[in-house]
Protein chains: 2
Amino acid sequence: MALMHPMSAHPNRPVYLKLRDQIAAAIIDGAYPEGAMLPSVRALAAEQGANPLTVAKAYQQFQNDGLVEVQRGVGMYVVRGAAERLRAAEREAFLREEWPEIRSRMARLGLDPADLVIVS
Amino acid sequence: MALMHPMSAHPNRPVYLKLRDQIAAAIIDGAYPEGAMLPSVRALAAEQGANPLTVAKAYQQFQNDGLVEVQRGVGMYVVRGAAERLRAAEREAFLREEWPEIRSRMARLGLDPADLVIVS
DNA sequence: ATGGCTGTATTATGGCACTGATGCACCCCA
DNA sequence: TGGGGTGCATCAGTGCCATAATACAGCCAT
């Protein structure tokens, strides 16, 4: 018998959100260092096999939040302090909106976060 | 500055998935005991302010997985052993598909699961 | 100044998931 | 044998997502 229906995972996550997550992770991890230029919309689109506008949509929110500075005709640059600000914001959002559910769900499933720290 | 863009949470989670989660939780917790009849599609729809078909879609997978027995014209009943089987399946799926991502994301955000057990 | 790179705006289109309204098939009980 | 309760199938509507084809605006090195 199958029973393969993850309780909360959303199977078809939009591409532009996946890209945004990936970019955010790269900024936090320093793969895109502060002051560095992000891959161009067209370049990242080609690399990821996506549409340039989809990539642009992923970049959009970073500009809105002032984490990325746009120099029209040149490129987009990671602002100073972007990594730390981004990490702080993501952490706060995670603790407020996601962790409570995860915590209660694990409790229901008989799992203890402390026991799983070592695993993988 | 706003910066409110949860990294992986899906904002608009479909109603039928929310309902399924809720029903699964109720079965695991014993709110719908084994052998008991589930609320009818129309009843639950009215109670939750949803469409009967949406509720039916939420019930669907439980039938496919053999956790619920349908007596046409009568109602749907929770199968014996459904709670434990459901919990085991959910736990396995969680550990395999969700926990790794959550774990690595928390690491990136500088969070330690062990420290958050007490919180909330 | 010209070619080539940046990001951006516009418009259109196809696909797909979600939701909704209606009607039908089935079963039980009075 | 009705009436009211089940689940379920069909059709249609809606909105988001992703793609595409262009065109435009700005910058820079040659």
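Bear in mind that the values here come from a model prediction, so they are computed numbers and not experimental data. Sequence lines set the chain letters: A, B, ... in the order given, protein chains first and strands last, and positions in each chain run from 1.
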Treating Glu69(A) as the side-chain partner and Tyr77(A) as the backbone partner, does any N or O pair qualify as donor plus acceptor under 3.5 Å?
no
For [X] and [N], is the shortest distance between a side-chain N/O and OP1 or OP2 below 4.0 Å?
X: Ser40(A); N: dC5(C); answer: no
X: Asn51(A); N: dA20(D); answer: yes
X: Tyr16(B); N: dC18(C); answer: yes
X: Lys57(A); N: dA18(D); answer: no

Can you measure [X] atom [atom1] to [N] atom [atom2] for me and round it to whole angstrom units?
X: Tyr77(B); N: dC27(C); atom1: OH; atom2: C1'; result: 11 Å
X: Lys18(B); N: dC18(C); atom1: NZ; atom2: P; result: 12 Å
X: Met76(A); N: dT8(C); atom1: CE; atom2: C1'; result: 11 Å
X: Phe62(A); N: dT8(C); atom1: CZ; atom2: P; result: 14 Å
X: Arg13(A); N: dA17(C); atom1: CZ; atom2: P; result: 17 Å
X: Glu69(A); N: dT6(C); atom1: CD; atom2: P; result: 18 Å
X: Gln71(B); N: dC27(C); atom1: CD; atom2: C1'; result: 10 Å
X: Leu19(A); N: dT19(D); atom1: CG; atom2: P; result: 9 Å

Residue mapping more 5' on DNA chain C - nearest nucleotide basis, Leu53(A) or Arg72(A):
Arg72(A)
At 4.0 Å (heavy atoms only), tell me whether Gln63(B) reaches a base, stays on the sugar-phosphate, or touches nothing.
sugar-phosphate
Is the shortest side-chain heavy-atom distance between Gln48(B) and Val55(B) below 4.5 Å?
no
So does Glu90(B) pair up with Arg87(B), basic N to acidic O under 4.0 Å?
no
Any salt bridge linking Glu101(B) with Arg105(B)? Criterion: basic side-chain nitrogen under 4.0 Å from a carboxylate oxygen.
no
Partner of Phe62(B) under side chain to side chain contact (heavy atoms under 4.5 Å, CB included), picked from Val70(B), Leu38(B), Leu86(B), Val78(B), is Leu86(B)
Is any N or O donor-acceptor pair between the side chain of Arg42(A) and the base of dG7(C) shorter than 3.5 Å?
yes
Ranking Val74(A) and Ala50(A) by the position along DNA chain D of their nearest nucleotide, the one closer to 5' is Ala50(A)
